[in-house]
Amino acid sequence: MRPAILTFAASGAETARRIALATGGIVHASDDAKAALPRLFREGRPIIGICAAGILIRLLAPLLGDKYAEPPVLAVSQDGRHVVPLLGGHRGANRLAREIAEMLGGEAALTTASDSRFAFGLDEPPEGFVLENLAEAKPAMAALLAGASISLDGEAPWLGDAGYPIAADGEVKIAVTGRAEAGPGLVYRPKLLVAGIGCERGTPPAEIMALLTETLAEAGLSPLALAAIATAEIKADEPALHEVAAHFGVPLRLFSVAELDAERGRLATPSAVVEAEIGTPSVAEAAALKAGELLVP
């Protein structure tokens with residue numbers, strides 16, 4: 001979601017402009033900024049105020065409630081030298097503060113305990129990964145700050161890069177897997193699965209959602225590991241596929257008939273009916289194969 005950049009004085013306009021260019025954010029100035037702030041916060045939009053931290057605190061205090069649902073809120077000094085994440089440190093605020101500070105040549109003032117020792121918190125995995133059990137992150141983080149180490153099952157080089165200690169006999173269990181079954185501890189889902197889908201015109205969205213959910217369950221795969229829904233570009237206007245992609249929180253990827261036909265030699269179940277209809281023997285399998293190997297024919 002594009003950040004909202006608020007400035008309450010003309011002296012902060014240049015810093016607001018620079019941040020907007022770097023982040024793709026939208027600038028709200030003066031009276032408009034004060035009036036728009038509650039709405040923007042409720043929408044879950046990241047808030048970047050070019051102002052004293054106290055201004056944002058006073059304006060937002062009546063709206064605060066659930067720290068797991070509140071968007072990132074940052075205060076930036078008018079000269080851009082100091083960037084302070086006030087809310088949502090582990091929901092993107094700390095990372096955004098670092099990026100803005102680097103761009104402005106300033107300093108990010110990070111106050112969360114994890115960021116004083118590690119590059120980011122366990123509840124703030126990099127793009128392409130989803131933490132399945134968010135509630136487990138806090139006690140795991142506390143154990144690591146107290147001197148524990150991580151026992152890692154799977155591939156997650158970003159943990160070591162962030163400074164986390166990893167040992168074969170680590171006390172904090174972490175698994176990185178797309179398989180539905182996972183052991184105790186934190187579970188990260190790498191978004192590596194692409195669901196290729198073909199359908200008749202007017203197919204109900206619920207039918208496709210049910211089929212995909214059932215297919216993932218039968219294959220022992222987690223829906224959180226989905227990275228995209230893929231289909232033929234002739235289905236670009238199929239409402240059901242857009243609804244399914246939105247339901248699973250992933251993009252809809254479209255491929256031309258020529259691109260799908262390039263996978264002809266790798267198909268498990270080519271269809272003469274489909275080829276007669278669109279000129280290539282597969283939509284679902286071929287679209288999935290664009291991502292790599294076919295896990296479920």
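Predicted model, so just to flag it, every value in this text is computed and none were measured.
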Lys/Arg N to Asp/Glu carboxylate O, E293 vs R266, below 4.0 Å:
yes
Carboxylate-amine/guanidinium contact R45 E43, below 4.0 Å
yes
Report yes or no: is the cationic atom of R189 (NZ for Lys, CZ for Arg) under 6.0 Å from the centre of the six-membered ring of F129, at an angle within 45° of the ring normal?
no
Note: V274 and S282 closest approach over all heavy atoms is CG1-N, 3.9 Å
Near R81 CZ, under 6.0 Å, is it more than 12 heavy atoms from other residues, nucleotides or ligands?
no
Taking atom types as modelled, is there a side-chain donor on S11 or Q78 under 3.5 Å from an acceptor on the other?
yes
I'd like to know whether CD of E102 has more than 12 heavy-atom contacts from other residues, nucleotides or ligands below 6.0 angstrom.
no
Listed partners of K290 passing salt bridge (Lys or Arg N to Asp or Glu O under 4.0 Å), at least two apart:
E263
pair E171-S149: side-chain heavy atoms closer than 4.5 Å:
yes
Looking at R17 and V27, would you say the former's side chain and the latter's main chain have a donor-acceptor pair under 3.5 Å?
no
For W158 and F120, take the angle between the two ring planes, folded into 0 to 90°, and tell me which bin it lands in: parallel under 30, tilted 30 to 60, perpendicular over 60.
tilted
E275 CD: over 12 foreign heavy atoms closer than 6.0 Å:
yes
